[in-house]
Structures are given as structure tokens and as C-alpha cells.
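Remarks on the structure that follows.
Small disclaimer: the values here were computed from a predicted structure and weren't measured.
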Amino acid sequence: MEKVNQMKLSDNTLKLLNNFSTINSGITVKVGNEITTVSAMKNIFAKAVVDETFETEHSIYDLSEYLGAVSLFDTPDFVFNGESVDVSEGDNSVKYYYADPQMVISPQKDITMPDPEITFDLDQDVLGSLLKASSVLSLPDMVLSSDGVTVELTVKDKKNPTSNVYSRTVAQGNGSTYEMFLRMDNIKVVSGDYTVFVSSKGIAQFTNRNISVEYFIALEPDSTYNES
């Protein structure tokens, strides 16, 4: 007979948890169907609505280790108890103990996105090419810029005047000129197609158009925006 609180985690949920582990090594999963995380520097916040509804709040100190344990199985069952989660399949099982919630950095409140001045679609192939160029050419900065006519995303090293540069045109301009900076280290989003909203108040929102996940990423302080 199946246990009342036995459940499976979808591939999508496991993919999101794996992605969240790159933002914060730990996680506290609240009761419900939303998972959230925040980086230690508080400059990346992510939240997703998942297929499952969790009935037990639990904290995992080392999310990568936990997901490594889950990867020992093909399609395991999960039972979230008071102090631990039992992961099992057939005769094989792992009992993984929760962490003290105070040992895990967790979001204390939701993010309120200011009204964005800039909105554009960022498709998976464009985002992938920017990330690859950043990696191949060791370029630490992403620049969202416009001369008023076109909007470009560029990866470069802004501290180096002779830096290699890789650019993609992503939208038509609205007459405003701006130069918004993001650290490539902070672009820790799961692959997919996004709509990006950017506010001159210092924050960018990446909303995935394929699955229910969004990221709020701080802009660098030297970003500038000039209205048309």
C-alpha cells in the first residue's frame, strides 16, 4: 500500500533544483508548490512553480550532494518525514537528513519588480551564444545597451578598453539611450526562452516562457539610463 505522503519529483523539478544549486548551495522548501532561492550576496533571487505540492517544509544544506544521492536512482519515490527524506526505489533507499533552517540562506520576502523601462525577448539560442562567448573569450560582463534605434546585448570586459567583444541585436530601440551592466557570473538561469524586463532602479527580471520560473538579477551600480 502506498504511503500517504509518498511522491515522485518530476524531471522538470529536479532540473530546477539543480539550477538553484548554482545560485545557493542550500535550500529551504516551503509547504506548497513554489520553490525559491537567493544568492549569498542577495543579488540573485529565483522562484518557480513546480508540478508537486510539498506538504512538509524542509531545509537541505548541500543541495548538490542531495541531488547526487537522488541520481543514484532512476525514478525514485520520496517520503518527506519530520527530520529526513526517504528516497527509495525497489530494495534501494537513502535516508537524507534535513538541515537546521538557520544554516541555510533563504529569501525572507518576495521581490517587487519596479516598472521596467526596457522589455525584450531573449531566445534560448541567443542566450546560449552569449554565455558561450563569455566562457570561450573569458568575458565577465554583459551589457544591455541602446543608441535609441537598436538594442544590443554584448559580452565584454568593461575594464579592458581592448577587450574582445561579442554582440547580438535583440530589439528595436524606443528612443532612450542606456548602458546596463550585468555580471556574467550572475546569469545563472536554466536554459530556455525568456522575456526580460529591466528597470533603471537597478534590477532585471528574466521570465522563462517555457516553464514557470523567473529570476531577479541586480544590475551593476555603473549602469546608466537616459530617457528619450
Side-chain angles (χ1 to χ4, degrees), residues 9-54 57-68 70-71 80 98-99 101-116 118-124 126-128 130-131 134-135 140-142 144 153 155 180-199 201-220 223:
L9 297 185
S10 69
D11 290 342
N12 185 55
T13 299
L14 291 171
K15 181 171 79 170
L16 285 168
L17 287 171
N18 192 61
N19 169 249
F20 281 18
S21 74
T22 67
I23 298 171
N24 185 334
S25 58
I27 194 170
T28 293
V29 177
K30 306 278 191 183
V31 173
N33 67 341
E34 186 174 277
I35 57 173
T36 62
T37 193
V38 66
S39 63
M41 297 289 289
K42 307 288 175 67
N43 54 1
I44 312 168
F45 172 87
K47 65 177 179 179
V49 175
V50 295
D51 306 320
E52 303 79 14
T53 298
F54 295 96
E57 180 173 323
H58 55 283
S59 298
I60 304 292
Y61 181 73
D62 188 336
L63 186 52
S64 291
E65 180 186 75
Y66 169 64
L67 293 169
V70 172
S71 74
F80 294 93
Y98 305 145
Q102 295 182 345
M103 298 291 290
V104 177
I105 297 171
S106 300
Q108 298 305 305
K109 58 182 181 179
D110 220 344
I111 296 283
T112 302
M113 180 70 187
D115 288 339
I118 308 158
T119 303
F120 63 95
D121 285 338
L122 180 58
D123 291 343
Q124 181 173 335
V126 177
L127 176 59
L130 290 162
L131 291 168
S134 167
S135 175
D141 303 297
M142 179 183 281
L144 173 67
L153 271 178
V155 287
M180 306 291 208
F181 295 102
L182 290 155
R183 293 287 297 172
M184 292 303 298
D185 287 347
N186 293 337
I187 311 295
K188 298 180 182 294
V189 301
V190 75
S191 63
D193 299 320
Y194 286 85
T195 299
V196 183
F197 307 89
V198 183
S199 166
K201 292 184 169 63
I203 190 167
Q205 176 182 349
F206 288 68
T207 300
N208 193 298
R209 303 201 305 274
N210 312 112
I211 56 176
S212 183
V213 61
E214 52 190 355
Y215 303 82
F216 298 84
I217 302 173
L219 302 178
E220 293 302 292
S223 299

Output yes when a side-chain donor or acceptor of [X] lies under 3.5 Å from a complementary backbone atom of [Y], and no otherwise.
| X | Y | value |
| --- | --- | --- |
| Asp193 | Gln124 | yes |
| Ser134 | Val155 | no |
| Ser25 | Asp62 | no |

Modelled atom types, side-chain donor and acceptor of Gln205 and Thr207, under 3.5 Å: yes

What salt bridge (charged side-chain N to carboxylate O under 4.0 Å, His left out) pairs are there with at least one residue in [range], not counting sequence neighbours?
| range | answer |
| --- | --- |
| residues 11-23 | none |
| residues 36-53 | Lys47-Asp110, Lys47-Glu214 |
| residues 203-213 | Asp121-Arg209, Asp123-Arg209 |

What residues, two or more places apart in sequence or in another chain, satisfy side-chain contact (heavy atoms from CB on, under 4.5 Å) together with [X]?
| X | answer |
| --- | --- |
| Leu131 | Leu127, Met184, Ile187 |
| Ile211 | Asn12, Leu16, Val190, Asn208, Val213 |
| Val31 | Glu57 |

Under the ring-ring contact (aromatic ring centres under 6.0 Å, His included) test, residues paired with Tyr98 that sit two or more places apart: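 If we apply the ring-ring contact (aromatic ring centres under 6.0 Å, His included) test to Tyr98, skipping adjacent residues, the hits are His58.
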
Contacts of type ring-ring contact (aromatic ring centres under 6.0 Å, His included), residue Phe197, not counting sequence neighbours: none

Which residues satisfy the side chain to side chain donor-acceptor pair (under 3.5 Å) test with [X], sequence neighbours excluded?
| X | result |
| --- | --- |
| Asn24 | none |
| Ser59 | Thr28 |
| Asn186 | none |

Sub-4.5 Å side-chain heavy-atom contact between [X] and [Y]:
| X | Y | answer |
| --- | --- | --- |
| Ile105 | Val38 | yes |
| Ser39 | Ile23 | yes |
| Ser199 | Met113 | yes |

Heavy-atom pair with the smallest gap, counting every atom of [X] and [Y]:
| X | Y | value |
| --- | --- | --- |
| Met180 | Leu219 | SD-CD1, 3.9 Å |
| Ala99 | Val104 | CB-CG2, 4.4 Å |
| Pro114 | Ile203 | CD-CG2, 3.6 Å |
| Thr22 | Asn19 | OG1-O, 2.5 Å |

Verdict with supporting geometry, Leu17 and Thr13, side chain to side chain contact (heavy atoms under 4.5 Å, CB included): CA-CA 6 Å; Leu17 287 171; Thr13 299; 4.2 Å; yes

ring-ring contact (aromatic ring centres under 6.0 Å, His included) contacts touching residues 27-52 (sequence neighbours left out): Phe45-Phe216

Heavy atoms of other groups near Phe80 CZ, more than 12 under 6.0 Å: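 More than 12 within 6.0 Å, yes.
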
Rounded distance (nearest 0.5 Å) linking atom CD1 of Ile44 with atom CD1 of Ile217: 6.0 Å

Worked check of side chain to side chain contact (heavy atoms under 4.5 Å, CB included) between Tyr66 and Ile27: CA-CA 11 Å; Tyr66 169 64; Ile27 194 170; over 6 Å; no

